[in-house]
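Predicted model, so just to flag it, every value in this text is computed and none were measured. Atoms within a ligand are numbered from 1 in the order they appear, just like the ligands themselves.
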Amino acid sequence: MSSKSEPQVVIRTATAADSAICGGICYQAFLKLSATHGFPCDFPGPEAAAGILSMLFSNPGFYCVVAESGGHVVGSNCLDERSLIAGIGPITVDPHTQNLGVGRKLMQAVMERARESRPAGMRLVQAAYHNRSLSLYTTLGFDVREPLSCVQGRPLERNVPDCVVRPARGSDLDACNALSLRVHGFERGTELADAIQQKTASVVERGGRITGFATALAFFGHATAESNLDMQSLIASAESFGGPGILVPSRNSALLRWCLANGLRVVEPMTLMSVGLYNEPAGAWLPSVSF
Ligand SMILES: CC(C)(COP(=O)(O)OP(=O)(O)OC[C@H]1O[C@@H](n2cnc3c(N)ncnc32)[C@H](O)[C@@H]1OP(=O)(O)O)[C@@H](O)C(=O)NCCC(=O)NCCS
C-alpha cells in the first residue's frame, strides 16, 4: 500500500489567463530538477516559460490542461494536435506537490483526449537524467525510441558546399510535406505553416531541389532532411539556437561528430519516447522538444 497521501485534484482546460501562474510553476519545476542534477535550467526565467505557455494555451492546435488542488493551480500539460502524431508537453507540477500523483493525472487527461481524436501515435521528449518522468511515461505505455543530445553553440562552418539555405515560403509547403512523408511517414505541414508565418522556418536547396527544412533551429523547432549534408547546412546557417539548444539523435554518430567538430557543446541528454505508430526515420532529422 502507498504511504503517499494523494491530494484531491481537478483537471480542467487551460486558458490564456492561466499562463502566468503555470509559467511560474513550469520554471520552478525545471529549475529544481536541473539544479538537483547539476544541469542548466531549460528556461531562463518564469517570464519565458509563461510566454511559451501563453502561446500554447491560446493556439487552437493545442489541447492544454491545468491541475487544481485546494482551489490552487498546481501544474499543467499540453497536447499538440497539429499532425497525425500528437506531441505531449511541457508537463510540470509545482515542486511542493510532486510525486503525489498529479503528473499521472495530467498525463492521463491528454492521453484520454488523444484517444478521442485518434492520432496515429503520441510522442514526447524526456530529460534522460530524470528517473521519475522516465518511470511515469514508461508505466503509461511509452517506449524509448531515440537517445538525443541537446547541443548549443555557434557552428564554426557557416556554409556547406552545394547547399543553399534560405527562409521558407508558403510555396515550399508541398515539397517539405513530401520530404517529411518520405523520411517519417507523415507530414507536419501545419507546424511548418505556423513557423513560416512566424518567420523562423528555413529550407535547404541542393541541385535545384528542396532537400531539407527546419521550422526553427531551436529547442521548440524540428528539422528534416534527405541527408546529413543537408542537415549540416541548415545547422551551419543558424546564428544561434533558440532555448537550450537543438536535439541531435545521438545514434546519428556522423552528425553528432560533425556538430562537435564544429565547436558545439553537449548541454544535456534527452530521450524521445512514443506510444502507437513509430517509423524509424529514413533520413536526417532533429526532433523538437515535443517530438
Ligand atoms: C515529471 C513530473 C511532471 C511528474 O509529476 P509528479 O506529480 O511528480 O508525478 P506522479 O507522482 O504523478 O508520478 C510519478 C510516478 O513515478 C514513480 N517514480 C518516481 N521516482 C521513481 C523511480 N526512481 N523509480 C521508479 N518509479 C518512480 C512514482 O512512484 C509515481 O508512480 P505511481 O503513480 O505508480 O506511484 C514532475 O515531477 C515535474 O514537474 N518534474 C519537473 C519537470 C519535468 O521533468 N517535466 C517533464 C519533462 S519531460
Side-chain angles (χ1 to χ4, degrees), residues 1-11 14 18-19 21-46 48-50 52-53 56 62 64-70 72-80 86-112 122-150 219-220 222 243-245 247 267-275 287-291:
M1 208 176 81
S2 170
S3 59
K4 294 190 296 192
S5 140
E6 291 201 5
Q8 290 284 330
V9 174
V10 175
I11 305 288
D18 295 311
S19 45
I21 179 97
C22 291
I25 291 171
C26 180
Y27 174 65
Q28 291 301 333
F30 277 107
L31 184 66
K32 180 169 181 236
L33 171 71
S34 54
T36 304
H37 295 82
F39 283 93
C41 186
D42 284 352
F43 294 93
I52 288 166
L53 292 182
L56 305 188
F62 285 75
C64 303
V65 289
V66 299
E68 282 184 339
S69 177
H72 299 288
V73 173
V74 292
S76 63
N77 196 8
C78 300
L79 183 75
D80 184 346
I88 296 179
I91 175 174
T92 49
V93 171
D94 183 333
H96 301 106
T97 321
Q98 287 178 6
N99 217 19
L100 295 172
V102 179
R104 183 174 292 277
K105 290 192 174 76
L106 283 166
M107 283 299 292
Q108 283 166 339
V110 298
M111 292 176 77
E112 189 55 43
M122 292 174 244
R123 296 185 195 172
L124 55 81
V125 169
Q126 179 258 346
Y129 59 84
H130 194 195
N131 297 345
R132 186 186 304 152
S133 63
L134 174 68
S135 309
L136 176 63
Y137 304 149
T138 300
T139 54
L140 285 166
F142 283 81
D143 296 331
V144 167
R145 290 300 181 182
E146 193 74 37
L148 306 167
S149 294
C150 175
F219 206 50
F220 282 88
H222 69 268
L247 297 171
V267 177
E268 57 180 322
M270 304 195 86
T271 306
L272 176 71
M273 301 182 79
S274 76
V275 163
S288 71
V289 72
S290 177
F291 75 95

For ligand 1, is [X] a contact, meaning one of its heavy atoms is under 4.0 Å away?
X	value
Gly89	no
Thr139	no
Val125	yes

Side chain or backbone, does [X] bring an N or O within less than 3.5 Å of an N or O on ligand 1?
X	answer
Val93	yes
Phe30	no
Gln126	no
Leu100	yes

Heavy-atom pair with the smallest gap, counting every atom of Cys78 and Leu56: SG-CD1, 3.9 Å
Nearest heavy-atom neighbours spanning Ser290 and Gly87: OG-CA, 3.5 Å
Proximity to ligand 1 by part of His130, non-hydrogen separation under 4.0 Å: side chain
Distance under 4.0 Å to a non-hydrogen atom of [X]: what atoms of ligand 1 satisfy this?
X	answer
Leu33	44 (O)
Gly101	10 (P), 11 (O), 12 (O)
Tyr137	46 (C), 47 (C), 48 (S)
Leu136	4 (C), 13 (O)

Can you figure out which of [options] has its heavy atom closest to [atom]?
atom	options	result
atom 28 (C) of ligand 1	Thr36, Asn99, Ile25	Asn99
atom 20 (N) of ligand 1	Lys105, Met273, Met270, Arg132	Arg132
atom 21 (C) of ligand 1	Ala29, Gly75, Ser135	Ser135
atom 45 (N) of ligand 1	Asn77, Asn131, Ile91	Ile91

Test log, rule side-chain contact (heavy atoms from CB on, under 4.5 Å), inputs His130 and Tyr137: CA-CA 11 Å; His130 194 195; Tyr137 304 149; over 6 Å; no
How about [X] and [Y]: do any of their side-chain heavy atoms sit closer than 4.5 Å?
X	Y	result
Ser288	Val125	no
Leu134	Thr271	no
Val289	Pro90	no

Check: Val93 main-chain N/O paired with Gln98 side-chain donor or acceptor under 3.5 Å: yes
Donor-acceptor pair, side chain of Thr92 and main chain of Gly75, under 3.5 angstrom: no
Glu6 bridged to Lys105 by N-O distance under 4.0 Å: yes
side-chain contact (heavy atoms from CB on, under 4.5 Å) between Met107 and Asn77, intermediate numbers included: CA-CA 7 Å; Met107 283 299 292; Asn77 196 8; 3.6 Å; yes
